[in-house]
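Written out below as structure tokens is the structure these notes cover.
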There are 2 protein chains.
Amino acid sequence: MLRLSKLTDYATVLLGYMARAKLEIHAAVEIAHATGIALPTVSKLLKLLAHSGLVHSIRGAKGGYCLSHAPERISVADIVQAIEGPIALTECSISDDYCEQSAHCDIRGNWRVINKAMRTALESVSLADLAFKIKPSTALEFKVSVDSLTRG
Amino acid sequence: MLRLSKLTDYATVLLGYMARAKLEIHAAVEIAHATGIALPTVSKLLKLLAHSGLVHSIRGAKGGYCLSHAPERISVADIVQAIEGPIALTECSISDDYCEQSAHCDIRGNWRVINKAMRTALESVSLADLAFKIKPSTALEFKVSVDSLTRG
DNA sequence: TTAAATAGTACTAATATAGTACTCTAAATT
DNA sequence: AATTTAGAGTACTATATTAGTACTATTTAA
């Protein structure tokens, strides 16, 4: 079904809330109430997002989390990677060594290309695009030449 | 990690074999031997692919499977959909009703756009691209305007 | 009629995901 | 300094999904 995990989905919801709310600092409890996502889940997600540097955490009383960058600077790819790890459609996209089939498999190199294409697609959409309505005039364009892909 | 299932990966390998091998009809056993994928798995996959019309099945002795279309006409999106079902990154991309969060969720519509973008990326790569080396001169281009996306 | 091959279905096992609980550390307020 | 608020870290459990297997039925060639 090629789908994102629920956690990633939740992450976009809670980051979307943070992007829209004007106050800088948000406690996990507040975000949980506002979004309807269970508190332990919200905490877990915010920790992951803090690890990847997408949000900044402030400890102690009156602490909380704030976005590290403007919503326009945070891409969907960033969010997916923060929660799910590297975007890699197939095992062999990650490491060369792992696949026992490699003798039979002539397809490996070409998956890399597709992978890069997907990543490019996800990188081209920002948190701002998600959180605020995408205007119909906005054009998403992905133009990926194999030259650039095979170099990457 | 946004990855395809192993089964989808296997499916590309065995379709790749069929695309390269010149003989029209291939029994499941033959494909299993050639690709190193276990026979029961190969059978399962070929059944799924036959259901979606990507391969044509011939029953009985001397039977087997053959590609329904030229490798150039079969897209990676077709293969993914045959094995994993509809390409839908989030639950709400499939049905409107399901999501209990819908009151809180302003993000729904925009996921659709991303979804379509991903699908477009996968549609732009063919089985032929996978099975034979993509030539560096080949350019994969995705150009998706939101106008067309919101209509879809 | 027999052997070869796919169709269909149901089941089991393995893995990954989601969710929860608990302890530790840091900062602010009094 | 003590207390309270809030995040950090870790480990665990339950659930759901995925992968893999087995078995029976059906079709066709020789």
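Chain letters run A, B, ... following the sequence lines, proteins first and then strands; every chain starts at 1. When reading the values below, keep in mind they use all heavy atoms of this one structure, side chains included, and skip hydrogens, waters and symmetry mates.
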(request) Report yes or no: does A:S52 contribute a side-chain atom to a donor-acceptor pair with the main-chain N or O of A:L54 at less than 3.5 Å? (result) no
(request) Report yes if a side-chain nitrogen or oxygen of B:Y10 is closer than 4.0 Å to either non-bridging phosphate oxygen (OP1 or OP2) of D:dG20; otherwise report no. (result) yes
(message) Using whole Å, what does the distance between atom P of nucleotide C:dT17 and atom CG of A:D9 come to?
(response) 15 Å
(request) Between C:dT20, C:dT17, D:dG20, spot the one nearest the side chain of B:L7, thanks. (result) D:dG20
(request) Provide, to the nearest angstrom, the distance between the NE2 atom belonging to A:H56 and the C1' atom belonging to D:dA6. (result) 14 Å
(request) When you get a sec, tell me which of C:dT6, C:dG19, D:dT21 is the closest nucleotide to the side chain of B:A27? (result) C:dT6
(request) Return each pair, listed once, that meets side-chain hydrogen bond (donor to acceptor under 3.5 Å, both in side chains) where at least one residue sits in residues 57-75 of chain B; pairs must be two or more places apart or across chains. (result) B:S75-B:D78
(request) Within residues 42-53 of chain A, find the residues that approach DNA chain D with a heavy atom at under 4.0 Å, and present them sorted by residue number. (result) A:K47, A:H51
(request) Could you work out which one of C:dT6, D:dT21, D:dT17 sits closest to the side chain of B:Y65? (result) C:dT6
(request) Check B:C66 against B:E24 and note the closest heavy-atom contact, atom names and distance. (result) CB-O, 3.0 Å
(request) Please state how far atom CD in B:E84 lies from atom P in D:dA19, giving the value in whole angstrom units. (result) 8 Å
(request) Return no unless some side-chain N or O of A:S57 is found under 4.0 Å from OP1 or OP2 of D:dA8. (result) yes
(request) Please report the shortest heavy-atom distance between A:L14 and A:L46, naming the atom on each side. (result) CD2-CD2, 4.2 Å
(request) Examine distances only and state if a side-chain atom of A:E84 and a backbone atom of A:L4 form a donor-acceptor pair shorter than 3.5 Å. (result) no
(request) In whole angstrom, give the distance that lies between atom CG of B:L39 and atom P of D:dA22. (result) 11 Å
Listed pairs, N/O of protein and of nucleotides 26-30 of chain D, under 3.5 Å:
| from | atom 1 | to | atom 2 | distance (Å) |
| --- | --- | --- | --- | --- |
| D:dT26 | O2 | B:R59 | NH2 | 2.8 |
| D:dT27 | O2 | B:G60 | N | 3.4 |
| D:dT28 | O2 | B:A61 | N | 3.2 |

(message) Give me the atom names and distance for the closest heavy-atom approach of A:R20 to A:A131.
(response) NH1-O, 2.9 Å
(request) For residues B:G16 and B:L127, report the shortest heavy-atom separation together with the two atoms involved. (result) N-CD1, 3.9 Å
(request) Check whether any side-chain nitrogen or oxygen of B:S5 sits under 4.0 Å from OP1 or OP2 of D:dT17, and answer yes or no. (result) no
(request) Of all the heavy-atom pairs spanning A:D129 and A:S124, show the shortest one and how long it is. (result) OD2-O, 4.1 Å
(request) Might you point out which heavy atoms bring A:L45 and A:A11 nearest each other, and give the distance in Å? (result) CD1-N, 4.0 Å
